[in-house]
K.L.:
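Pasting a structure below so you can have a look.
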Amino acid sequence: NAGVMQNPRHLVRRRGQEARLRCSPMKGHSHVYWYRQLPEEGLKFMVYLQKENIIDESGMPKERFSAEFPKEGPSILRIQQVVRGDSAAYFCASSLDQGQPQHFGDGTRLSIL
Amino acid sequence: GQQVMQIPQYQHVQEGEDFTTYCNSSTTLSNIQWYKQRPGGHPVFLIQLVKSGEVKKQKRLTFQFGEAKKNSSLHITATQTTDVGTYFCAAPYSSASKIIFGSGTRLSIRP
């Protein structure tokens, strides 16, 4: 019973490039959440999606960031024209239902050169 | 908006000492969840409390949910080096159902 799968584990991009982070939720989970974490800091909520729908994107910057969770395939967090400040760990989590305990992936560590 | 305040931010204890972290909310919570994140790792769900005044135990860990469902605590008895990490409380955000995380308490231990 595979857990939440995130890839890649590490991603290096140059300023101005695009970063694409993928997340496959646990089997049977249709609720997906994305968080950003800076070193030694807490988890900052970015976006909450449920199959094909964005439920809450209040934590996501209005520009350059987008997220989707298509009917088929993983959830994607996309960052366009990356800047140094985008360097962080990005965690995806999934849950069986809204408000229920979340299961986290190993995260993607994004580094911007 | 709703926030979950967590204290202390850091706690450094001698191995064998006890440790407690506290979470407080200004609004009534439907449930509260606790997570542990080891250094370099990802958050791992520990437990969920739902009922007013609920107390749950996991070996040396004791979790409490306040009578008013506005606060919670995690207490570790006789800490061990394996307890090192950051402990987060989290709760559903009113009707929007996203989970709001506290800022976490980072526990370090002197052997």
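Source: prediction; values computed, not measured. Residue numbers begin at 1 in each chain, while the letters A, B, ... track the order of the sequences.
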K.L.:
Does Tyr22(B) belong to the same Ile/Leu/Val/Met/Phe/Trp/Tyr cluster as Val4(B), with side-chain heavy atoms less than 4.5 Å apart forming each link?
P.N.:
no

K.L.:
Measure the spacing between CD of Gln102(A) and CZ of Phe45(B) and express it to the nearest 0.5 Å.
P.N.:
10.0 Å

K.L.:
Which atom pair, heavy atoms only, marks the closest approach of Phe88(B) to Gly42(A)?
P.N.:
CE2-CA, 3.9 Å

K.L.:
With only heavy atoms counted, which part of Ser95(A) is less than 4.5 Å from chain B, the side chain, the backbone, both or neither?
P.N.:
neither

K.L.:
With rounding to the nearest 0.5 Å, note down the distance linking CD1 in Ile99(B) to CZ in Phe45(A).
P.N.:
10.0 Å

K.L.:
For His42(B), which of Val4(A), Asp106(A), Leu43(A) qualifies under side-chain contact (heavy atoms from CB on, under 4.5 Å)?
P.N.:
Asp106(A)

K.L.:
Applying a strict under-4.5 Å side-chain criterion to I, L, V, M, F, W and Y, I'd like to know whether Phe104(A) and Met5(A) cluster together.
P.N.:
no

K.L.:
Shared ILVMFWY cluster between Val13(B) and Val84(B), side chains joined below 4.5 angstrom?
P.N.:
yes

K.L.:
Determine the minimum heavy-atom distance between Pro92(B) and Gly99(A), stating which atoms define it.
P.N.:
CG-O, 3.7 Å

K.L.:
Between Glu40(A) and Arg106(B), does the side chain to side chain contact (heavy atoms under 4.5 Å, CB included) criterion hold? Intermediate values first, please.
P.N.:
CA-CA 9 Å; Glu40(A) 311 296 317; Arg106(B) 192 179 322 151; 2.5 Å; yes

K.L.:
Hydrogens and angles aside, do Gln33(B) and Gln100(A) bring a side-chain donor and acceptor to less than 3.5 Å of each other?
P.N.:
no

K.L.:
Say whether, by atom type as modelled, one donor and one acceptor occur between the side chain of Tyr35(B) and the main chain of Pro101(A) under 3.5 angstrom.
P.N.:
no

K.L.:
Would you say CD of Glu18(A) has more than 12 non-hydrogen atoms from neighbouring residues, nucleotides or ligands within 6.0 angstrom?
P.N.:
yes

K.L.:
Quick one: what part of Gln6(B) sits under 4.5 Å from any heavy atom of chain A, side chain, backbone, both or neither?
P.N.:
neither

K.L.:
Would you say Arg60(B) has more than 12 foreign heavy atoms packed within less than 6.0 Å of its CZ?
P.N.:
yes

K.L.:
Using a cut-off of under 4.5 Å on heavy-atom pairs, state which of His31(A), Glu41(A), Gln37(A) scores highest against chain B.
P.N.:
Gln37(A)

K.L.:
To which residues is Leu49(A) joined in a hydrophobic cluster, defined by side-chain heavy-atom contacts under 4.5 Å among Ile, Leu, Val, Met, Phe, Trp and Tyr, whether direct or through other members?
P.N.:
Leu11(A), Leu21(A), Val32(A), Trp34(A), Met46(A), Val47(A), Ile54(A), Met60(A), Phe65(A), Phe69(A), Leu77(A), Ile79(A), Val82(A), Tyr90(A), Leu110(A), Ile112(A)

K.L.:
Would you mind telling me which of Gly102(B), Pro43(B), Ala90(B), Ser103(B) has the largest number of heavy-atom pairs within less than 4.5 Å of chain A?
P.N.:
Pro43(B)

K.L.:
Verify the neighbour count for atom CD of Glu63(A): are there more than 12 heavy atoms of other residues, nucleotides or ligands below 6.0 Å?
P.N.:
no

K.L.:
Minimum heavy-atom separation for Gly41(B) to Arg109(A), with atom names?
P.N.:
O-NH2, 3.8 Å

K.L.:
Step through the shown structure and confirm whether more than 12 heavy atoms of other residues, nucleotides or ligands are within 6.0 Å of NZ on Lys57(B).
P.N.:
no

K.L.:
Linking I/L/V/M/F/W/Y whenever any side-chain heavy atoms sit under 4.5 Å apart, do Tyr35(A) and Ile55(A) land together?
P.N.:
yes

